[in-house]
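The figures that follow rest on heavy atoms only: side chains count, while hydrogens, waters and symmetry mates do not. Per chain, numbering begins at 1; letters A, B, ... match sequence-line order.
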2 protein chains.
Amino acid sequence: MRQKSYQDIRALVLARIHAQIWPPGARIPGEADLAAEFGCARATVNRALRELAEAGLIERRRKAGTRVAVNPVRKATLELPVVRLEVEGRGETYDHKLLLRETETPPDHVRARMNLPAGVRLLHLKTLHMADACPYMFEDRWLNRRTATGIDAADLNRISANEWLVQNVPFSGGDIAFFAAAASGDEAGALNIAPETAIFVVERTTWRGLDPVTATRLAYAPGYRMTTRI
Amino acid sequence: MRQKSYQDIRALVLARIHAQIWPPGARIPGEADLAAEFGCARATVNRALRELAEAGLIERRRKAGTRVAVNPVRKATLELPVVRLEVEGRGETYDHKLLLRETETPPDHVRARMNLPAGVRLLHLKTLHMADACPYMFEDRWLNRRTATGIDAADLNRISANEWLVQNVPFSGGDIAFFAAAASGDEAGALNIAPETAIFVVERTTWRGLDPVTATRLAYAPGYRMTTRI
DNA sequence: CAGGTGAATATGTGCAGACATAATAAACTT
DNA sequence: AAGTTTATTATGTCTGCACATATTCACCTG
C-alpha cells in the first residue's frame, strides 16, 4: 500500500475503532495529525472521516474535534425502486392490473396528509401488482392533477402509475411510513387473502415544492420482507 | 452568491433536473463545462454531482458522462437508534424489564441466521421495552458469548442488552428485515394485546467480521410506525 | 466483416495551500 | 463573580493542478 487512498484511511480508522484503540467517546487525533501519520494530504483524511461521520460512527465538531460515537446511530439505507424493477430484479415476471380509475373526493385522512382544502377532487387509482401471476402488492393511490399534469393521457394499463410518475413528475421530497396492519376488505380481496391477515404497509406522500403530488398506500402480500444491510 | 459552494451547485443542477431542462435520461454537461459555467473549480462540481449520484438522482460513468436517472431509485435512510433514545426523543419516559436470561440451544432458524454449527448454546434474552409505562416493544435476542464477551457481567436490569451491545461490542455489519406478522402468544402476552394482532417486526443479525454477534427479533406494539423523509 | 488494439475522454482521486466558520478557551472588563 | 470580548483551534470547503482509471470509439488487421 504505497499510495494511500481515502478508502484506506477510512478502513484504518475504522479498524482502530473496532479494536477499541479509540473507544467510544474518545477523541481521535486531528486531521492534520492523522495526515502526517498516514503520510497523505489532509483533504484525504477529511474525506475518510467525513464518510465515517455520515455513517454515524464518529461525531465531528469544529474546534471540539472528532470523537468516536457513544451511541452509533446506525443508518440503514432502503432502496425504493419502482415495483416492476423490484419484481424483475428477483427474476420474476411482472404484471399489473388497473382496478379503479375515478375522480373522487378523498377521505379526510388522505386530504390531511396531502394538506389540501376541503372539497377538492382527486384522481383515485387502485392497482394490483403481480409477480409471476400471483398478487404481490395492492396500491391505493390518490393523485393531484395540478401537479401530476398529463396523467389523464397516460395509458395506465401499459405503464403503472407508479412508473409513469417517476418518469414524468419529478418530485422534490416525500414522507414515508412503514407499519403493520390488518388487511382491509378491499386489500384482502385484491391480494386474495383472508381479511384481518397481518400485512406490511408502506404509506408515502410526495411533494413538488409545497404542492402535493400523490398519496399512496401500498399493501404487500403476506410474506413480504423489506431487507437491507448496514 | 459571489462565491459558489458545492451545495449551491448541487441545488442549481437539481433545479435544472426538476425543471426538466435536463430531462430523465439526458446527458448533462461534463464537470469541466459546468465548472466553467458556474465559475468554480472542477472539484466543487465533482462533489455536488457525487452527492446527487449517491442520492440516486443521476448516474455517472467514466468516459460515458453523467446522465439524469430514468428511474430514480429513491434511497430512504432510516435511523436505527437505541430504543431508549427513540422513546426519550419523543418526550416519553423509558423503562425496560428483563423477562428472561437463560443459556439455551437456539431454534434452527436462529442458528441458520447466525451461521452457527448445530449444538451451540447461546444466551437467550427476552426484554420488554416500555414508553410511559406502556408496552412499547418486545425484544427476543440470542447472543453469541464468543463475540459478546463480558455480557455475563453486565447488569441488564439497569442497561438494556441493546444499549450494552452498541457501547461494548463494535460490530462491522448486519442484516435487517422489516415485515408484518401476527403476534405470537409470547409477544401478545408481553405487549398485552390479543394474539394474532398484526404487529410490525424488525429482525436484525449483526456480525463482527465473519462471526455472528447477536440475532434479534423486535416486535413493536400495534400503532408503531417507522417513518422517514426522502 | 469480426475481432483485437490503442487513442481519446469523462469521471475518480490525490495534493498542497488558502481562507471560512464554528466553537471553545482565555483574557479582560465591570 | 459574572458577563463580554478576543484569540485560538479543528473542522469545513474552495482552488488549481496532476495523474489514475474505466470506458468508449475509431482504427487497424486478418
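For the atom pair CG (L80(A)) and CG (L85(A)), the distance works out to 12.5 Å, reported to the nearest 0.5 Å.
Between N115(A) and W207(A), the side chains place no donor N or O within less than 3.5 Å of an acceptor N or O (distance only, hydrogens not considered). A donor-acceptor pair shorter than 3.5 Å cannot be found between the side chains of S172(A) and R208(A).
Using a 4.0 Å cut-off on heavy atoms, the residues of residues 14-29 of chain B that approach DNA chain C are R27(B), listed by number. Looking at residues 60-68 of chain B, you'll see R61(B), R62(B), K63(B) sit with a heavy atom under 4.0 Å from some atom of DNA chain D.
At whole-Å resolution of the value, CD1 in I9(A) and P in dT13(C) are 14 Å apart. A straight line from CD of E31(B) to P of dA10(C) spans 11 Å, rounded to a whole angstrom. Between R50(B) atom CZ and dA10(C) atom C1' the separation is 16 Å, expressed in whole Å. With rounding to whole Å, L49(A) atom CG is found 14 Å from dA10(D) atom P. Per the geometry, CD belonging to E54(B) stands 14 Å off C1' belonging to dT11(C), to the nearest Å. At whole-Å resolution of the value, CG in L52(A) and C1' in dT11(D) are 15 Å apart. In this structure, the CD atom of E51(B) is 13 Å from the C1' atom of dG12(D), given to the nearest Å. At whole-Å resolution of the value, CG in N46(A) and P in dA18(C) are 18 Å apart.
Taking the six-membered ring for Trp and thresholds of 30 and 60 degrees, Y136(A) and Y220(A) have ring planes more than 60 degrees apart, a perpendicular arrangement.
For the helix from dC1(C)-dG30(D) to dT30(C)-dA1(D), the rotation axes defined at the first and last 5 base pairs enclose an angle of 10°, given to the nearest 10°.
N162(A) contributes no side-chain N or O that, together with a main-chain N or O of V82(A), makes up a donor-acceptor pair within less than 3.5 Å.
The pair R67(B)-E59(B) fails the salt-bridge criterion, with no side-chain N (NZ, NE, NH1 or NH2) lying under 4.0 Å from an Asp/Glu carboxylate O. Ion pair E79(A)/R74(B) not flagged as a salt bridge, since none of the NZ, NE, NH1 or NH2 atoms sits closer than 4.0 Å to an Asp/Glu carboxylate oxygen. Salt bridge E139(B)/R217(B): absent, no basic N to carboxylate O contact under 4.0 Å. A salt bridge is defined here as a Lys NZ or Arg NE, NH1 or NH2 lying under 4.0 Å from an Asp or Glu carboxylate O, and R113(B) with E203(B) meets this definition. Ion pairing between a basic and an acidic side chain is recognised when a charged N comes within 4.0 Å of a carboxylate O; R146(B) and D211(B) show no such pairing.
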Close N/O contacts between protein and nucleotides 14-18 of chain D (under 3.5 Å):
unit_1, atom_1, unit_2, atom_2, d
dC14(D), OP1, Y6(B), N, 2.5
dT15(D), OP2, A41(B), N, 2.8
dT15(D), OP2, T44(B), OG1, 2.5
dA18(D), N6, R42(B), NH2, 3.4

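A cation-pi arrangement is present between R225(B) and F179(A), with the terminal nitrogen or guanidinium carbon under 6.0 Å from the aromatic centre and inside a 45° cone about the axis.
Sorted by first and then second residue, the pairs that involve residues 17-43 of chain B and meet side-chain hydrogen bond (donor to acceptor under 3.5 Å, both in side chains), not counting sequence neighbours, are R16(B)-E37(B), E31(B)-R42(B), E31(B)-N46(B), E31(B)-R60(B).
Partners of R61(B) under the salt bridge (Lys or Arg N to Asp or Glu O under 4.0 Å) rule, at least two apart in sequence or in another chain, do not exist in this structure.
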